[in-house]
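Down below is the structure, laid out as structure tokens.
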Amino acid sequence: MNWQQLISNKRLGQEHRHAERHDDRSEFKRDYDRLIYSAPFRRLQNKTQVFPLPGSIFVHNRLTHSLEVSSLGQSLGNDVCTRLKQKHPELANTLFEEIGTIVSAACLAHDMGNPPFGHSGEKAIRTFFTEGKGKQLKMAVSASFWNDISHFEGNANAFRLLTHRFFGRRIGGFVMTYSMLASIVKYPFSSSLAGSHGKFGFFQTEAEDYRKIADELGIICKSGDAEALRYARHPLVYLVEAADDICYEIMDIEDSHKLKILSFEETKDLLLGFFDEQMREYILERIKEEGVTDANEQVVYMRASVIGKLENECVKAFVDHEDELLSGTFEGSIIDHISPLQREAYRKCEAISYEKIYHSKPVLDIELSGYKIMETLMDVFIGAAMEPNRFYSQQLIRRVSSQYDIHSDNMETRIMAVIDYISGMTDVYALDIYQKINGAALPIV
């Protein structure tokens, strides 16, 4: 793969207008603006990141997380650009200089396909088909569609959200640039290759869109003519992934301190573990010199130092492994290839997070509640889609937004319309609908 081809401002759905565009450098910024002003992006403010939505203490939701990831992604892209232009002077004054903006926009979009209640929402949709009443549908739908819905995945759903032509939309959905769209596809293969990890990059309905984008950008195709579609990653995916990995892991540590899941000493040890002894002493001395006595603010200072260090490490790893990234042979994530001290400190944070944070009572409570809400919504609305002529089904179907093809003659299309509708809900809206259909809440008259 080569950078000149990998960076393209051609827009999905408006390829015929590409020759008319002359203001090349603003196209990727338009992607960013289009996302940040969109309704699906705004809805992220009411979707769980890890912890329950805020009560007395404000922790991260999907919106604040995505903004932070986008900020870090901009830094990663800009710094990689600076370093690679030194290696490849011919990249100066080309669209390659816009990779910071491309990564930043992709980071904004990376969680837009996630359903309510975080990973428990994803699991509820999947297990409705693999363990719940939806199992009976397996023989009634195509194998490819079954693979898609039984492996439902937020990443694939984000690509669908941005590219699918829902009712009332333009061809190309959000009409984003090819390079930005390719940068969010973390798992560039179809659901039949999802395997035990359950990850894939696009539903069958959007497979040809991804193929068109990948072939235009010269992304290496790793599948034969008769095989399930599979490509190498676009190299910028690794920067989007690194920004996400850094933000969710380190910010979850900070949130856990605020919620008193981790003590100050535990948090301090985890964050200072990213530095050698000399740098630890320097950080602590700076905190003391600047008169920062509040424990939360001390954690903020240490967290900022960690993110800065990891950003530098990831830029170095990306540049050092550029040849493998461009040949499609790079293994693992960028975090796997940073210096041993920082890599081990990151792994320690992961282990503590798994043990103390992700299995903490507040997190388990929201997962249990969220799972039950999503399971019920799937049961009721899929039932309505399967038997649309029943009176109760018709009442439920009227709740579904007009942009979703819930009235289609095709059963698979109706099922997908329900998934689109439910996955697009906020936590609060999902809870509201759940209470109403169970008779637990009535509108105030």
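What you see below is based on every heavy atom in this structure, not just the backbone, and it leaves out hydrogens, waters and symmetry mates.
Other residues, nucleotides and ligands contribute only 12 or fewer heavy atoms inside 6.0 Å of the NZ atom of Lys309. Few gaps surround CG on Leu368; more than 12 heavy atoms of other groups in view lie less than 6.0 Å from it.
Put simply, the side chain of Tyr178 reaches to within 4.5 Å of the side chain of Glu15, judged on heavy atoms. Taking the side chain as every heavy atom from C-beta outward, His110 and Ser66 approach each other to under 4.5 Å. The closest side-chain heavy-atom distance from Arg30 to Arg11 is below 4.5 Å. Taking 4.5 Å as the limit, every side-chain heavy atom of Ile246 sits out of range of all side-chain heavy atoms of Val69. Looking only at side-chain heavy atoms (C-beta outward), Asp244 and Cys107 stay at 4.5 Å or farther from each other. Under the 4.5 Å side-chain criterion, counting only non-hydrogen atoms from C-beta, Phe203 is in contact with Asn157. Here the side chains of Gln395 and Phe391 are in contact, with some heavy-atom distance below 4.5 Å. Between Leu108 and Asp31 the shortest side-chain heavy-atom distance does not fall below 4.5 Å.
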Test log, rule side chain to side chain donor-acceptor pair (under 3.5 Å), inputs Asn147 and Ser192: CA-CA 6 Å; Asn147 276 329; Ser192 62; 5.0 Å; no
Audit row: Thr64, Asn61, side chain to side chain donor-acceptor pair (under 3.5 Å) steps and yes/no: CA-CA 6 Å; Thr64 51; Asn61 55 38; 3.2 Å; yes
Stepwise ring pair (Phe, Tyr, Trp, His ring centres under 6.0 Å) check, Phe200 with Phe189: CA-CA 6 Å; Phe200 67 103; Phe189 44 81; 8.0 Å; no
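Ion pair Arg211/Asp215 not flagged as a salt bridge, since none of the NZ, NE, NH1 or NH2 atoms sits closer than 4.0 Å to an Asp/Glu carboxylate oxygen. Under the 4.0 Å criterion applied to side-chain N and carboxylate O atoms, Glu227 and Lys222 are not assigned as salt-bridge partners. Between Asp409 and Arg414, no side-chain nitrogen of the basic residue sits less than 4.0 Å from a carboxylate oxygen of the acidic one, so the salt-bridge criterion is not met. A salt bridge is defined here as a Lys NZ or Arg NE, NH1 or NH2 lying under 4.0 Å from an Asp or Glu carboxylate O, and Asp336 with Arg347 meets this definition. Under a 4.0 Å N-O distance rule, the pair Lys258/Glu254 qualifies as a salt bridge. Look at Glu313 and Lys316 and you find no salt bridge, because none of the NZ, NE, NH1 or NH2 atoms lies under 4.0 Å from a carboxylate O. With salt bridges taken as basic N to acidic carboxylate O contacts below 4.0 Å, one links Asp420 and Arg160. The pair Arg83-Asp79 fails the salt-bridge criterion, with no side-chain N (NZ, NE, NH1 or NH2) lying under 4.0 Å from an Asp/Glu carboxylate O.
Between the Glu412 side chain and the Ser142 main chain, a donor and an acceptor come within less than 3.5 Å of each other. A distance-only check finds a donor-acceptor pair linking the side chain of Arg34 to the backbone of Val175 [under 3.5 Å]. Proximity of a side-chain donor or acceptor of Ser104 to a complementary backbone N or O of Gly73 within less than 3.5 Å is not detected. The main-chain N or O of Phe274 is found under 3.5 Å from a side-chain atom of Gln342 such that the two form a donor-acceptor pair. Of the possible donor and acceptor atoms, none in the side chain of Thr101 sits under 3.5 Å from a partner among the backbone N and O of Lys29. At distances below 3.5 Å, at least one donor-acceptor pair connects side-chain atoms of Gln394 with backbone N or O atoms of Asn389. The backbone N or O of Phe152 lies less than 3.5 Å from a partner atom in the side chain of Arg126, making a donor-acceptor pair. Within the 3.5 Å criterion, the main-chain N or O of Gly370 finds no donor-acceptor partner in the side chain of Tyr434. Side-chain atoms of Ser393 come within 3.5 Å of backbone atoms of Glu387 as a donor-acceptor pair (strictly under, hydrogens ignored). Using a distance-only test at 3.5 Å, with no hydrogens or angles considered, a donor-acceptor pair links the side chain of Asn410 to the main chain of Thr413.
Between Phe381 and Tyr421, the distance separating the two ring centers is shorter than 6.0 angstrom. The six-membered or imidazole ring of Phe318 lies away from that of His337, with a centre-to-centre distance of 6.0 Å or more.
In this structure, NZ in Lys212 is found 5.0 Å from CG in Leu12, a value given to the nearest 0.5 Å. Residue His164 holds its NE2 atom at 8.5 Å from CE of Met416, rounded to the nearest 0.5 Å. Between the CD1 atom of Ile184 and the NE2 atom of His234 there is a distance of 12.0 Å, given to the nearest 0.5 Å. Separating the OG1 atom in Thr267 from the CG atom in Leu262 is a distance of 4.5 Å, to the nearest 0.5 Å. Atom OG1 of Thr426 is separated from atom CG of Asn46 by 4.5 Å, given to the nearest 0.5 angstrom. Here the CZ atom belonging to Phe129 is positioned 12.5 Å from the NE2 atom belonging to His151, to the nearest 0.5 angstrom.
Each of Thr376, Asp379, Ile419 was checked for a side-chain contact (heavy atoms from CB on, under 4.5 Å) with Phe128, and the lone residue meeting it is Asp379.
Side-chain contact check for Asn155 and Glu153: at least one donor-acceptor pair (N or O, by modelled atom type) lies under 3.5 Å. Between the side chains of His65 and Glu68, no donor-acceptor pair is found at a separation under 3.5 Å. Side-chain contact annotation: Tyr231 with Ser223, donor-acceptor N/O pair under 3.5 Å absent. Side-chain N/O atoms of Ser8 and Ser179 include no donor and acceptor closer than 3.5 Å.
A cation-pi geometry, defined here as NZ or CZ lying under 6.0 Å from the six-membered ring centre and within 45° of its normal, holds between Arg233 and Tyr238.
The aromatic rings of Phe202 and Tyr210 lie parallel to each other, with less than 30° between the two planes, well short of the 60° mark.
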